[in-house]
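I have placed the structure first, in the form of C-alpha cells, so that the comments after it can refer back to it.
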Amino acid sequence: MIAAHVSLAKGTMLGPYEVDILLGVGGMGEVYRARDTRLGRTVAIKVLLAGLTASSERRARFEREARVISALSDPHICALYDIGRDGDTEYLVMEYIEGETLADRIARGRLPLSQVLRFGTEIAQALQHAHRAGITHRDLKPGNVMLTASGVKLLDFGLAKLAIPEPAPGGSNAPTLVNPITTEGMVVGTLIYMSPEQLEGQNIDHRTDIFALGCILYEMATGQRPFSGSSRIAITSAILSADPAPIRSLEPATPPALERIVLTALEKNPDDRWQTAHDVARQLRWLSESSSSPESLAATEAPRTKRGYFIAAATAALLGGLLVWGVTRFASTPLPTPVAARL
C-alpha cells in the first residue's frame, strides 16, 4: 500500500493540539507546527502518513521512535513531549526547534573551522548519550541535524537500533539485543552516509554512527561528500573500497589534526575507527580549545601520545646531562699561564 499524505488543514485539532502549518514531509510522516492549547506553547507534531497505520511494521517503528526519544534527555537531542492517537491518526508531539538543517547550511558552502569543531563536538556528545542508552541512530546525516541559536539538535530516531536489557532464556539477567523491526541482512539508512558494514547488511553497532559522523565532518569542512558517484552502485563501491580525497587537497588551511580525526572516523574496519563518540568529542574539543583562534591551527598536530612525551623527556634529560658535564669539565681544566706581550 502506498502511503498518502495527511495534509492537515490549519486549525485541525489532534487531541489538545491545534495544527498550524506543515513544516516538512519524510518517509514515515509529516511534521506540523502546532499549539498546545493546554500549556500555550508551540510544539512540533509528527503525524504517521495515511496508509501506514495499517502496516504493523511501520506502526511499530513509529511507536519505537517514541520510546527511543523518551529514553533520551540531552540538550542536543530533540525532546519528546507526548504521543497520541486521534481517530485513525497517530502522532508524536516533540520540541519545536527554530533554525535550519545542517544540510541546508552545507548547501551554501563549507563551514568555518570554528563551526565545524563546535557542531561536530555537539553531535558527538549527543551520539554518546544515545549510545550509552543502548541506541544506535543508523540514519545520521546533515538533514537530521538542526542548527539553532543554542547549538545542534539531533532529530529522527525512526530507524534507531535498540539494545534493550531483557531477561534471557533460562532466567539469566544477561542483556538481550532486541531489534524486532529489522533483521541482519536488511539495509536501512541513507546510502551516502552508510558505513561499509551497514551496506553489507552486517550486524552493526554504535560505530556505524561514528562513520556517519566522519562523513558529516568531512562535508562540513570541505562542502563536498567524501564518497560520491553517478549511481547507487558507484556510491556503494566508493564507500566499500575507495579512500576520500584528502581534506587538505580541497581545503589547504585545514589543521592536520582535524584531517586525522575525520579519516580515523572513516576507516572501513570498525575496529580501526574511534571506538566511542566520546573519543571523537574529546579530540574535537581539544582542537578547538588549543587556540583562541581555531583558524590559526593549520600547522597544529594532535596531542602527543604517552610515548611521545617519554621520548621528549628523555631527550631533554640527555641534553641537560651533556650540558652539566661540559660545564664541569670546563671548570676543572686549569687556565693557561698568562704570557706578557713583548713590544
Side-chain angles (χ1 to χ4, degrees), residues 74-78 97 99-132 136-156 190 192-195 206-227 244-248 250-251 253-267 273-298 300-303:
D74 184 89
H76 298 302
I77 295 178
C78 180
I97 302 171
E100 66 175 343
T101 67
L102 181 55
D104 289 338
R105 172 60 187 85
I106 292 174
R108 300 199 305 271
R110 63 177 291 271
L111 279 66
L113 179 60
S114 58
Q115 292 184 7
V116 173
L117 298 177
R118 177 192 173 193
F119 297 155
T121 299
E122 292 174 351
I123 296 170
Q125 290 172 339
L127 286 177
Q128 179 64 8
H129 183 78
H131 294 165
R132 282 177 176 166
T136 300
H137 192 286
R138 287 203 300 184
D139 196 24
L140 181 64
K141 58 186 177 182
N144 283 338
V145 177
M146 286 289 294
L147 305 180
T148 74
S150 60
V152 307
K153 288 281 187 177
L154 192 54
L155 312 174
D156 202 347
T190 301
I192 55 178
Y193 301 100
M194 285 188 186
S195 65
H206 62 278
R207 292 173 297 181
T208 198
D209 286 344
I210 293 176
F211 185 90
L213 176 55
C215 292
I216 292 175
L217 289 170
Y218 187 102
E219 198 169 345
M220 284 195 292
T222 67
Q224 300 181 33
R225 292 168 179 163
F227 307 102
I247 295 178
R248 284 187 290 166
L250 302 173
E251 293 296 335
T254 301
L258 177 58
E259 186 163 51
R260 182 184 66 87
I261 292 168
V262 175
L263 294 182
T264 301
L266 291 176
E267 288 285 353
R273 291 177 208 147
W274 302 107
Q275 294 302 290
T276 68
H278 178 66
D279 293 338
V280 182
R282 282 188 62 192
Q283 294 287 323
L284 293 172
R285 191 181 302 114
W286 169 84
L287 187 54
S288 179
E289 293 174 353
S290 62
S291 172
S292 59
S293 177
E295 300 293 352
S296 68
L297 294 174
T300 302
E301 292 289 354

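Fair warning: this is a prediction, and the values are worked out from it, not measured in the lab. The figures here come from the full heavy-atom set of this structure, side chains too, leaving out hydrogens, waters and symmetry mates.
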Taking the side chain as C-beta and beyond, is there a heavy-atom pair between [X] and [Y] under 4.5 Å?
X	Y	result
Ser288	Thr121	no
Ser195	Arg273	yes
Ile261	Trp274	yes
Asn144	Thr190	no
Val145	Lys153	no
Leu155	Ile97	yes
Gln125	Arg285	yes
Leu127	Thr136	no

Could you pull out the closest heavy-atom pair between [X] and [Y], with the gap in Å?
X	Y	answer
Ala103	Gly143	CB-N, 3.8 Å
Asp74	Ala126	OD2-CA, 4.0 Å
Thr101	Pro142	CB-O, 4.0 Å
Val262	Gly214	CG1-O, 3.6 Å
Gly120	Leu213	O-CD1, 4.4 Å
Ala212	Leu140	CB-O, 3.7 Å

- Report the C-alpha separation of Glu100 and Arg108 in whole Å, then their side-chain angles, then the decisive distance to 0.1 Å, and conclude whether the salt bridge (Lys or Arg N to Asp or Glu O under 4.0 Å) test is met. CA-CA 12 Å; Glu100 66 175 343; Arg108 300 199 305 271; 2.8 Å; yes
Strictly distance-based, threshold 3.5 Å: is any side-chain N or O of [X] a donor or acceptor partner for the main-chain N or O of [Y]?
X	Y	value
Glu259	Arg248	yes
His76	Glu122	no
His137	Leu154	no
Arg110	Ala221	yes

Working to the nearest 0.5 Å, report the span between [atom1] of [X] and [atom2] of [Y].
X	Y	atom1	atom2	value
Gln128	Ile123	CD	CD1	14.5 Å
Glu267	Ile210	CD	CD1	12.5 Å
Met220	Gln115	CE	CD	9.5 Å
Leu287	Leu113	CG	CG	6.5 Å
Glu289	Leu117	CD	CG	10.5 Å

- Task: Under the side chain to side chain donor-acceptor pair (under 3.5 Å) rule, collect the residues that match up with Arg105, sequence neighbours excluded.
- Result: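 Arg105: no side chain to side chain donor-acceptor pair (under 3.5 Å) contacts found.
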- Please collect all side chain to side chain donor-acceptor pair (under 3.5 Å) contacts where either partner lies in residues 212-227, sequence neighbours excluded, each pair once.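 Applying side chain to side chain donor-acceptor pair (under 3.5 Å) to every pair that reaches into residues 212-227, excluding sequence neighbours, yields Tyr193-Glu219.
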- Carboxylate-amine/guanidinium contact Asp139 Lys141, below 4.0 Å: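 Yes, this pair counts.
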- Task: Evaluate the criterion side chain to side chain contact (heavy atoms under 4.5 Å, CB included) for residue pair Ile192 and Cys215; output intermediate values, then yes/no.
- Result: CA-CA 8 Å; Ile192 55 178; Cys215 292; over 6 Å; no
- Query: Listed by chain and number, what are the ring pair (Phe, Tyr, Trp, His ring centres under 6.0 Å) partners of His206, not counting sequence neighbours?
  - Reply: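 Per chain and number, His206 pairs via ring pair (Phe, Tyr, Trp, His ring centres under 6.0 Å) with His131.
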